[in-house]
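The structure appears below as structure tokens.
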Amino acid sequence: MTTIDSSVLERHGITPDEYQRIIELLGREPNLLELGLFSVMWSEHCSYKSSRVHLKTLPTTGPRVLQGPGENAGAVDIGEGLAAVFKIESHNHPSFIEPYQGAATGVGGIIRDIFTMGARPIGLLNALRFGSLDQPLARRIFEGVVAGVGGYGNSIGIPTIGGEIVFDDVYAGNPLVNVLCLGLARHDEIIKGNAGGEGNPVYYVGAKTGRDGIHGATMASAEFDESSAEKRPAVQVGDPFMEKLLMEACLEVQKTGALVGIQDMGAAGLTCATSEMSSRGGTGMDVDVMHVPQRETGMTPYETMLSESQERMLMVVHAGREAEVEAIFEKWDLHAVRIGHVTSTGRVRIHEHGTLVADVPAPALTDEGPVYRRPMREPAWQREVQKLSLESLGAPAAPQDAMDALLGSPIIASKRWAYHQYDHTVGTNTIAQPGTASGVVRIKGSKRGLAVSVDGNGRFCYLDPYRGAMLAVAEAARNVAVVGAEPVGATNNLNFGNPERPEIMWQFGEAVRGIGDACRALEVPVTGGNVSLYNETEGRAIYPTPVLGIVGLLEDASRTVTRQFQSPGARIVALGDNRGELGGSEYLACLHGQVAGAPPALDLQAERALQRLIIALVREGLVESAHDCSEGGLAVAVAECAFDTGGIGATVDVPAVDGIRAGFGVNATLFGESASRIVVSVAAARLDTVLARAAKAGVPAAAIGETGGDRLRFSVDGAIVIDMALEGAETRWATAIERKMARAR
């Protein structure tokens, strides 16, 4: 029997079995504050209780890995004593309830994860999913999220260098806002979130604590329903100007050697920081909430410990260095308040004006919580949606009509309406403009650079979560490779529905298995990431949407290329095998209203050979441009290479793919989304060299056309099937989202 009412447990997201586990760990009944501590730390969002058994199967080590999962962010060696520090996280639920602040605080939180490690953030990327722009709610959320991403990143002075945006009705009631931050640090300056040294002081630094964000982690671990609007108070409020001061102060303190450890107060706020730092260090911590700076009156210990107010950090300082640390924060006009000290008890003990109000073993909150191997079952409909009958689609669309429709599809169209609201040049490190395959930044003081891409295709994962997840890894790595960078590390954001449903858990398990197999084959270790579950609204789940962020190393940043054709008269070469696969394609969805079929096949060894080839071709200056074939297939990829060039068109002639029935051969050839393909442009004098290098690498390659003129002209087996003015095609592609947003007003 429990003395805490069942309705109280339900509000805290604690099951009866979990409550009994809490009693066993404590040896007694918890009080309400202690129940709150367990509630947030054992939430799905913080504990990964449904996903941990699967995540342990991912490859997380490698010769470059300096820090894998378990810390605030991952880190890989990029030479010259430097490390790339990076991580991706979600703020999905808050962004539905309050789009601007949900997105803004998502950006702020991931930035803190990076500078907490002692790294200076140098770039942001985002992976966003919304409902159809034909719906007013989706437009409102889209507009708010984009404003929040730009508002925070622009104000703090970190460039947003890339990303992806997808529109689909399945995300109408549950948008996805995944944000990646990349930072740079020296190996010897990386700092971790450990609490060590009995008696060392514990400092609270940054903004004051308010009542915003209380139970935000619990909210992020539940489905949406008709009462979701009532959860608005659980969304935090961000202040990028405060975060800028906090970042500079923390980076300055970290260089002094005065810190033992530091942790962001993100999800679960002060509760998470005190318990995780203690648990990692094998220590304990005594704190008194009366010392915590508060911006609201009458806050209880419960509210103070569970608040998720933004722009706050917890630090453990070497005893005797207090004045030095306090002086730095005073210089930056920030609070630096001693709220407690490290102990050897292994317990987090919370006091209020000296009175003990909570006493919990730190590992009970962090390591000894429930771990579920939830039931998994393939959905009954899974095999059915993988069937694709071209005959049932009716007549194939005319290729020119299909091309016109695809260029105007919000999934394919330019996202400049969004990224023009982002500052991508601040810091003067950005090389490639947003809208290219990867964000690319130079490393000042070195000829090297870093490329980062975020990719995922929920449609493919809905049809086959294992293959879809592999395709996400392959595309993210390929998009890094096409600019000439070697993929060196991955981070993932796994967005799924309710894990208590066996079908959802099956999707999750299959996707993680696919990520692991692809990362092992491509030799890209996973250094960390984020799991976001319960992405459902009134029982309707989103597509399973694993998003992969991959960081690549450019040996010579001056040699990078972009998608745009550079000169007329160059030869267009297709690398990879075109199998005309229409399953899960944008052509099928846009022109026939179907999401069906098997996703494209993926040969991981062929993918690896392709990536190695393109990296070598770019590094040796043998290609003028390079672009991955993805949504819209070959025809759209070639068109995108012609856009933003000032008027360099293309003439292409390709053989029809064999074996496509029902008259779909031409459209499958042009718009099929077969994986492991890249379009490059090559100076005529270098064509034979490129083809020979491809043959030696075992990569299919064919010269399919030439750049130049003011038209996009495509022939299949010598017959012209698309002939359109470049200017008109580019205008349709460039303004599609802008037109939809303008109509909304």
Side-chain angles (χ1 to χ4, degrees), residues 85-91 94-95 98-116 119-128 130 139-165 175-184 206-207 235-251 264 266 310-312 332-334 414-436 438-442 444 450 452-454 549 737-738 741:
V85 180
F86 57 98
K87 191 180 182 184
I88 190 170
E89 284 202 341
S90 63
H91 234 216
S95 297
E98 179 51 67
Y100 183 94
Q101 289 295 348
T105 52
V107 173
I110 195 65
I111 290 171
R112 288 194 299 279
D113 281 341
I114 301 307
F115 71 73
T116 297
R120 177 168 291 279
I122 60 172
L124 291 160
L125 293 89
N126 49 73
L128 311 176
F130 305 97
R139 292 194 297 266
R140 181 183 68 80
I141 294 174
F142 175 46
E143 191 168 36
V145 165
V146 169
V149 168
Y152 205 101
N154 297 353
S155 298
I156 198 172
I158 300 171
T160 299
I161 58 175
E164 61 163 3
I165 304 176
L176 302 184
V177 178
N178 298 175
V179 184
L180 182 150
C181 188
L182 169 70
L184 275 179
V235 179
Q236 311 95 317
V237 177
D239 181 348
F241 303 103
M242 173 68 78
E243 178 128 331
K244 172 65 173 174
L245 298 175
L246 182 63
M247 178 175 71
E248 297 300 341
C250 287
L251 290 173
D264 166 40
Q310 296 290 285
E311 293 85 41
R312 305 177 302 156
W332 291 99
D333 197 25
L334 292 172
S414 169
K415 308 306 186 295
R416 66 182 59 179
W417 183 91
Y419 66 69
H420 274 189
Q421 299 181 49
Y422 307 150
D423 188 339
H424 60 271
T425 60
V426 63
T428 67
N429 292 319
T430 309
I431 295 174
Q433 305 294 309
T436 53
S438 295
V440 184
V441 289
R442 65 174 57 84
K444 287 180 178 174
L450 293 170
V452 197
S453 179
V454 287
I737 291 177
E738 182 179 331
M741 295 304 290

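We're numbering straight along the sequence, starting at 1. What's counted below: heavy atoms across the whole structure, side chains too, no hydrogens, waters or symmetry copies.
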Problem - Donor-acceptor under 3.5 Å (H91 side chain, A103 main chain) - result: no

Fill in the blank from the handout: Nearest heavy-atom approach of I158 to G123 is CG2-N, 3.8 Å

Exercise for the section: Give a yes or no answer on whether the side chain of T430 reaches the backbone of H424 with a donor-acceptor pair at less than 3.5 Å. Expected result: yes

Problem - Residue pair I165 / A418: nearest heavy atoms and the distance that separates them - result: CD1-CB, 3.6 Å

Completion exercise
CG of D333 to CE of M242, rounded to nearest 0.5 Å, is 8.0 Å

Practice task
Looking only at non-hydrogen atoms, find the nearest pair between E243 and G108 and report the distance.
Solution key: OE2-O, 2.7 Å

Practice task
Could you tell me the separation between the CG atom of L334 and the CG atom of L245, rounded to the nearest 0.5 Å?
Solution key: 5.0 Å

Handout entry: Any side-chain heavy-atom pair of I88 and I110 under 4.5 Å
Key = no

Problem - Minimum side-chain heavy-atom gap K415-E164 below 4.5 Å - result: no

Practice task
Quick one: do D239 and Q310 satisfy side chain to side chain contact (heavy atoms under 4.5 Å, CB included)? Show the steps, please.
Solution key: CA-CA 7 Å; D239 181 348; Q310 296 290 285; over 6 Å; no

Handout entry: Sidechain-backbone polar pair: D423 side chain, T425 backbone, donor-acceptor under 3.5 Å
Key = yes

Exercise for the section: Would you check if F86 and C181 make a side-chain contact, meaning some heavy-atom pair closer than 4.5 Å? Expected result: no

Exercise for the section: Of all the heavy-atom pairs spanning G183 and I114, show the shortest one and how long it is. Expected result: CA-CG2, 3.7 Å

Practice task
Kindly write out the residues that satisfy side-chain hydrogen bond (donor to acceptor under 3.5 Å, both in side chains) with S438, not counting sequence neighbours, or none if the list is empty.
Solution key: none

Exercise for the section: Start with the C-alpha distance between E738 and R416, add both sets of side-chain angles, then the distance that settles side chain to side chain contact (heavy atoms under 4.5 Å, CB included), and finish with yes or no. Expected result: CA-CA 9 Å; E738 182 179 331; R416 66 182 59 179; 5.7 Å; no

Practice task
Give, for atom CG of L251 and atom CH2 of W332, the distance between the pair rounded to the nearest 0.5 Å.
Solution key: 9.5 Å

Practice task
Classify the side-chain pair E143/Y100 by whether it contains a donor and acceptor separated by less than 3.5 Å.
Solution key: no

Exercise for the section: Output the distance between atom OH (Y152) and atom CD1 (I111), rounded to the nearest 0.5 Å. Expected result: 6.0 Å

Practice task
In sequence, state the C-alpha distance, the side-chain angles, and the governing distance for F130 and V145, and then conclude on side chain to side chain contact (heavy atoms under 4.5 Å, CB included).
Solution key: CA-CA 10 Å; F130 305 97; V145 165; 3.8 Å; yes

Exercise for the section: State whether the side chain of N154 and the backbone N or O of Y422 hold a donor-acceptor pair below 3.5 Å, judged by distance alone. Expected result: no

Handout entry: Close side-chain approach of V146 to W417, heavy-atom, < 4.5 Å
Key = yes

Problem - R112/E89 ion pair, N-O < 4.0 Å - result: no

Handout entry: 4.5 Å side-chain heavy-atom contact, Y419 and S414
Key = yes

Completion exercise
On a heavy-atom basis, the closest approach of G238 and T105 is N-CG2, 3.5 Å

Practice task
Could you pull out the closest heavy-atom pair between G151 and P240, with the gap in Å?
Solution key: O-CG, 4.3 Å

Handout entry: V149 and L124: CA distance, side-chain angles, deciding distance, side chain to side chain contact (heavy atoms under 4.5 Å, CB included) verdict
Key = CA-CA 10 Å; V149 168; L124 291 160; over 6 Å; no

Fill in the blank from the handout: Rounding to 0.5 Å, atoms CD1 (I431) and CD1 (I161) come to a distance of 10.0 Å

Exercise for the section: Please examine the side chains of Q101 and P94, heavy atoms only from C-beta on, and report whether any two atoms are closer than 4.5 Å. Expected result: no

Problem - For L125, the option from L182, L180, T160 that meets side-chain contact (heavy atoms from CB on, under 4.5 Å) - result: L180

Practice task
May I ask you to decide if K244's main-chain N or O and E248's side chain share a donor-acceptor pair within less than 3.5 Å?
Solution key: no

